[in-house]
Amino acid sequence: MSDLTPQSETPTPTTDKITQAARETIYLCNFRVSVDGEWLCLRELNDISLTPDPEPVHEGNDPIAIERLNLMNMAKLSIKGLIESALNLGRTLDSDYAPLQQFFVVMEHCLKHGLKTKKTFLGQNKSFWGPLELVEKLTPEAGEITASVKDLPGLKTPLGRGRAWLRLALMQKKLSDYMKTIINRKDLLSEFYEPNALMMEEEGAVIAGLLVGLNVIDANLCMKGEDLDSQVGVIDFSMYLKDGGHSSKSVEGDGQITAILDQKNYVEELNRHLSASVNNLQAKVDALEKSNTKLTEELAVANNRIITLQEDVERVKEESSYQLESRKALRSDSAADGQALGETRKQLKEETLLRLDVEKELEVQIGMKQEMELSMKMLEKDVCEKQDALVELRQQLEDLRAINQQLMHKSQSADASSKQKSEIIVRMEEKMNQMSGTIKQLETSDKHLAKQARSLNSAAGKLLQLQQ
């Protein structure tokens, strides 16, 4: 940003615009911000007299705290400008979009603030790729982004991989979630950042919250042909100096659009959470159905086993009755058959013990069958309840989709009304120009009439003199 040197003490239109823009946009109104190596340098500006809005006062003159605050405000500006320009553009953003490039530059400076310098055999290394790799450990779904970054051809430095990671997270609309995840684990971030770094203080949490607004924009960024390793990250502050002369004309419309966008963001977040809960319930229902099928198969096997045991019991009963009849017949035989009778008794005892064992096993199998039937009934009841909950959640999801469509219609109607207002303002200005032209014509005609009246008065005076 070039230095601003006043030519005189009287305000000019250029200085008025800069003053108005500074009051509306940036906390750095008393500083000049430039890039020195890898960091932002802040120097006081004494050549422009501004009266900024009151800001929170920091104890002492801590330059690190001022740097954090300035970076936070720059992040606010870049995010706000990106959202507004993207909504006005009304299409998917690409890599050449200037506000999007400036947003990535500001995020890069925020992530570099307070990084610890690591010494390697090639020299000192200072990159924010290390903290971004932590997201994969804390959030498994971020592993897809990390794997994609590592597979990209042409990325040779950690800085290039970090830049690619930021772009992929923005396209995935998960940048805010991932930043919140790593900011909440300051015990892990302390390995990479100094204690007073932006990511370790509350400013980092504020920036992570602001990133939620980027979920309303769509970006399609192709990184195969970009040289992310050697790009120079310089913040273009001229993009944030804007003329606020006509801002008061659409305050009401902007407020309505902002409210509608906030409602839309809330509905989308709620829709995403409900979709996740529906998927979880569907997975649970599938697991219950699989367990139900498995229990049904086990119940069929148990029934077959019970039938087999019942057949064995009947067979043992028939053999026992046959043994009893043979025993009665052997009692009438001679003493020579005593040995055969003893063997028969022994076999009868064994068959009796076998029968008792079979009956016990049958009772156990019957008890297991009853327990399995009871568990099947409970599982069926649980499945019915889950299905009812799933139906209710689907109904809520449809209601939310209807609300989302209504909000989109409201947003479109608000845009149409703002366009109509702007057209009416243009018409009023044209009418005012016409009226000013008419007034000028009337003034000229009035002057001609006055001249004619004076000439008539002089002529009348001469006639009176001649008559006398």
Side-chain angles (χ1 to χ4, degrees), residues 38 71 75 79 95 100 103-120 122 124-195 197-215 217-224 226-229 231 233 268-269 272-273 275-277 279-280 283:
E38 293 184 346
L71 281 174
I79 292 170
S95 301
L100 185 60
F103 164 74
F104 287 128
V105 171
V106 173
M107 284 302 300
E108 181 179 337
H109 282 290
C110 292
L111 291 171
K112 283 183 178 180
H113 183 265
L115 270 175
K116 293 181 179 178
T117 303
K118 293 186 177 181
K119 295 182 179 179
T120 62
L122 296 176
Q124 293 183 349
N125 183 16
K126 194 174 184 181
S127 172
F128 57 91
W129 171 241
L132 296 181
E133 282 186 306
L134 293 175
V135 182
E136 182 182 3
K137 299 177 182 178
L138 301 175
T139 306
E141 62 184 1
E144 181 181 355
I145 294 180
T146 306
S148 300
V149 170
K150 293 179 179 178
D151 294 336
L152 281 175
L155 294 179
K156 300 178 181 179
T157 63
L159 179 61
R161 287 191 286 271
R163 290 170 173 170
W165 190 95
L166 289 175
R167 285 157 174 77
L168 290 175
L170 180 66
M171 286 193 289
Q172 201 181 39
K173 296 187 178 181
K174 290 293 186 67
L175 183 58
S176 174
D177 298 336
Y178 294 157
M179 293 299 293
K180 288 179 181 177
T181 300
I182 58 175
I183 286 173
N184 291 333
R185 295 299 303 272
K186 291 184 173 56
D187 53 337
L188 299 178
L189 287 178
S190 60
E191 181 183 354
F192 302 95
Y193 288 98
E194 299 292 343
L198 184 141
M199 297 292 289
M200 301 292 289
E201 297 292 339
E202 60 181 1
E203 287 85 355
V206 172
I207 293 174
L210 293 172
L211 293 174
V212 177
L214 297 179
N215 293 337
I217 65 175
D218 297 321
N220 186 11
L221 309 177
C222 181
M223 290 171 286
K224 290 186 178 180
E226 285 191 72
D227 187 9
L228 298 176
D229 292 326
Q231 287 182 1
E268 287 180 351
E269 288 293 328
R272 188 173 67 181
H273 288 300
S275 299
S277 61
N279 293 332
N280 292 332

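One is the number of the first residue; the rest follow in order along the sequence.
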Subject >> Smallest separation among heavy atoms of Leu155 and Arg161, with atom names >> reply: O-NH1, 4.0 Å
**OP:** With Arg163 as the cation and Phe104 as the aromatic partner, state whether NZ or CZ is under 6.0 Å from the six-membered ring centre and within 45° of the axis.
**Re:** no
Subject >> Which atom of Gly114 lies closest to which atom of Ala197, heavy atoms considered >> reply: CA-CB, 3.6 Å
**OP:** Name all pairs fulfilling the side chain to side chain donor-acceptor pair (under 3.5 Å) condition that reach into residues 143-158, sequence neighbours left out, sorted by first residue then second.
**Re:** Thr157-Asp229
**OP:** Tell me, with the steps shown, if Ile145 and Val135 meet side-chain contact (heavy atoms from CB on, under 4.5 Å).
**Re:** CA-CA 10 Å; Ile145 294 180; Val135 182; over 6 Å; no
Subject >> Passing option when Val149 is tested against Leu132, Leu166, Leu168 for side chain to side chain contact (heavy atoms under 4.5 Å, CB included) >> reply: Leu168
Original post:
Do Trp129 and Leu159 touch side chain to side chain, with heavy atoms closer than 4.5 Å?
Top reply: no
Original post:
Given side chains that start at C-beta, do those of Leu228 and Arg167 come closer than 4.5 Å, heavy atoms only?
Top reply: yes
Which donor-acceptor pairs under 3.5 Å do the side chains of residues 182-195 make with protein atoms, sequence neighbours left out?
{"from": "Asn184", "atom 1": "ND2", "to": "Lys180", "atom 2": "O", "distance (Å)": "3.0"}
{"from": "Arg185", "atom 1": "NE", "to": "Asp187", "atom 2": "OD1", "distance (Å)": "3.3"}
{"from": "Arg185", "atom 1": "NH2", "to": "Asp187", "atom 2": "OD2", "distance (Å)": "3.2"}
{"from": "Lys186", "atom 1": "NZ", "to": "Ile183", "atom 2": "O", "distance (Å)": "3.1"}
{"from": "Ser190", "atom 1": "OG", "to": "Asp187", "atom 2": "O", "distance (Å)": "2.8"}
{"from": "Tyr193", "atom 1": "OH", "to": "Leu111", "atom 2": "O", "distance (Å)": "2.7"}

Subject >> 4.5 Å side-chain heavy-atom contact, His109 and Leu198 >> reply: no
Subject >> Nearest-0.5 Å distance, CG of residue Leu138 to OG1 of residue Thr181 >> reply: 6.5 Å
Subject >> Distance, nearest 0.5 Å, that separates OG of Ser95 from CG of Leu100 >> reply: 7.5 Å
**OP:** Taking all heavy atoms of Met179 and all of Leu211, pick out the closest pair and write down the distance.
**Re:** CG-CD1, 3.7 Å
**OP:** Report the distance from atom NZ of Lys174 to atom CG of Asn215, rounding to the nearest 0.5 Å.
**Re:** 9.5 Å
Subject >> Euclidean distance, Leu214 CG relative to Met107 CE, rounded to 0.5 Å >> reply: 9.0 Å
Original post:
Is there a side-chain contact between Ile217 and Lys173 (heavy atoms, below 4.5 Å)?
Top reply: no
**OP:** Find out whether Met199 and Phe128 are in side-chain contact, i.e. whether some heavy atom of one side chain is under 4.5 Å from a heavy atom of the other.
**Re:** no
Original post:
Any side-chain heavy atom of Leu71 within less than 4.5 Å of one from His113?
Top reply: yes
